K.L.:
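One structure is given below, represented as structure tokens, and several questions about it will come after.
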Amino acid sequence: LSSSSAASDVYKRQIEMLAPKLGEKVLDPACGTGGFLVDSIEVIREKYVRTPDDEKILQESIFGVEKKPLPHMLCTTNLILHGFEVPKNVKRDNTLARPLRDYTSKDRVDIIATNPPFGGIEEEGIDKGFPKQFQTKETADLFLVLIMELLKDGGRAGLVLPDGSLFGEGVKTKIKAELLETCN
């Protein structure tokens, strides 16, 4: 197996464990080229899509956001190649740039599957959109906080994080406490 093939297999198993159902909102807030979205589409189609109406529901329930132009274009192309007529729910934007307080219940999703960029530092001011106790410039930490905010009650998330990401000091300690308090 090549590394990309092995990663693809891991991502597919992660989606299968999340068990998305037809009509559940699935989001990748850092979708890159769309691997998790494509795997979600394939799993839902295989188990639930039987009619054109089912396919329409599927196409309206897959969401992605990608900051960089080239991966965004590749994601859009990937979704088209996987049967999406118009991938209108895949936006080019920085998910972290929207202040957390601006999200409402209609922004909540059932499933988040993502491999957010880690080791990165966000641009000046992004952290100010997060509660004071979670303000940091570290991208992976901000995505963890965002994911907790965007999941509906009973929602499920699968994400790839670097080793030890929850075992640091400062903000990482506060994020870990929040995860243990509010998530299963």
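In what follows, every heavy atom counts, from backbone to side chain, and hydrogens, waters and symmetry copies are set aside. Since the structure is predicted, the reported quantities are computational estimates derived from the model, not experimental observations.
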K.L.:
List the atom pairs, donor and acceptor, that lie under 3.5 Å between side-chain atoms in residues 141-149 and the rest of the protein, sequence neighbours left out.
P.N.:
from	atom 1	to	atom 2	distance (Å)
Asp141	OD1	Lys172	NZ	3.0
Asp141	OD2	Lys172	NZ	3.1
Glu149	OE2	Arg108	NH2	3.1

K.L.:
Any side-chain heavy atom of Ile15 sitting closer than 4.5 Å to one from Glu42?
P.N.:
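Contact flag for Ile15/Glu42 side chains = no.
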
K.L.:
How many angstroms lie between CG in Asn115 and CG in Leu161, if you round to the nearest 0.5 Å?
P.N.:
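Answer rounded to 0.5 Å: 8.5 Å.
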
K.L.:
Search all heavy atoms of Gln133 against all heavy atoms of Val171 and return the closest pair with its distance.
P.N.:
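Distance-wise, the nearest heavy atoms are O-CG2, 4.0 Å.
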
K.L.:
Please answer whether the main-chain N or O of Lys88 pairs with a side-chain N or O of Lys91 as donor and acceptor at a distance below 3.5 Å.
P.N.:
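Yes; at least one donor-acceptor contact below 3.5 Å.
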
K.L.:
Answer yes or no: is there a side-chain heavy-atom contact under 4.5 Å between Leu22 and Leu58?
P.N.:
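A side-chain contact exists here, since the closest heavy-atom pair is under 4.5 Å.
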
K.L.:
Taking all atoms of both residues into account, what is the closest heavy-atom pair of Arg45 and Arg50, and its distance?
P.N.:
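For Arg45 and Arg50, the tightest heavy-atom pair comes out as O-NH1, 3.7 Å.
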
K.L.:
If only side-chain N and O atoms count, and only distance matters, is there a donor-acceptor pair under 3.5 Å linking Asp28 with Thr114?
P.N.:
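Side chains of Thr114 and Asp28: pair found under 3.5 Å.
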
K.L.:
Distance check, rounded to the nearest 0.5 Å: Glu122 atom CD versus Phe130 atom CZ?
P.N.:
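Here the rounded value is 8.0 Å.
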
K.L.:
For Lys21, does the NZ atom sit with more than 12 other heavy atoms under 6.0 Å from it, leaving out its own atoms?
P.N.:
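Yes - once you tally the heavy atoms of other residues, nucleotides and ligands closer than 6.0 Å, there are more than 12.
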
K.L.:
Could you tell me which non-hydrogen atom of His82 sits nearest to which non-hydrogen atom of Asn78, and how far apart they are?
P.N.:
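Looks like ND1-O, 2.8 Å.
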
K.L.:
Without swapping roles, check the side chain of Glu138 against the backbone of Ala140 for a donor-acceptor pair under 3.5 Å.
P.N.:
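No, the answer is negative, given that no donor and acceptor are paired below the 3.5 Å cut-off.
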
K.L.:
Find the distance between CZ (Phe84) and OG1 (Thr76) and round it off to the nearest 0.5 Å.
P.N.:
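The CZ atom of Phe84 sits 11.5 Å away from the OG1 atom of Thr76.
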
K.L.:
Are any of the side-chain heavy atoms of Leu79 and Ile41 separated by less than 4.5 Å?
P.N.:
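In short, these two side chains touch, coming nearer than 4.5 Å.
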
K.L.:
Enter the distance from Glu123:CD to Thr139:OG1 here, rounded to the nearest 0.5 Å.
P.N.:
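Nearest 0.5 Å value for the CD-OG1 distance: 9.0 Å.
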
K.L.:
Answer yes or no: does atom NZ of Lys152 have more than 12 heavy-atom neighbours from other residues, nucleotides or ligands under 6.0 Å?
P.N.:
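Enclosed.
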
K.L.:
Ignoring hydrogens, what is the shortest heavy-atom contact between Leu37 and Cys31? Give both atom names and the distance.
P.N.:
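Residues Leu37 and Cys31, closest heavy atoms: CD1-CB, 4.0 Å.
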
K.L.:
Would you say Arg156's side chain and Ala19's backbone share a donor-acceptor pair under 3.5 angstrom?
P.N.:
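A pair under 3.5 Å: yes.
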
K.L.:
Flag yes if Tyr103 and Ile175 sit in one hydrophobic cluster, no otherwise; membership is Ile, Leu, Val, Met, Phe, Trp, Tyr, and two members link when side-chain heavy atoms are under 4.5 Å apart.
P.N.:
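Yes, Tyr103 connects to Ile175 through the hydrophobic network.
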
K.L.:
Indicate the atoms forming the closest heavy-atom contact of Leu151 with Ala157, along with that distance.
P.N.:
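Leu151 and Ala157 have their closest heavy atoms at CD1-CB, 3.8 Å.
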
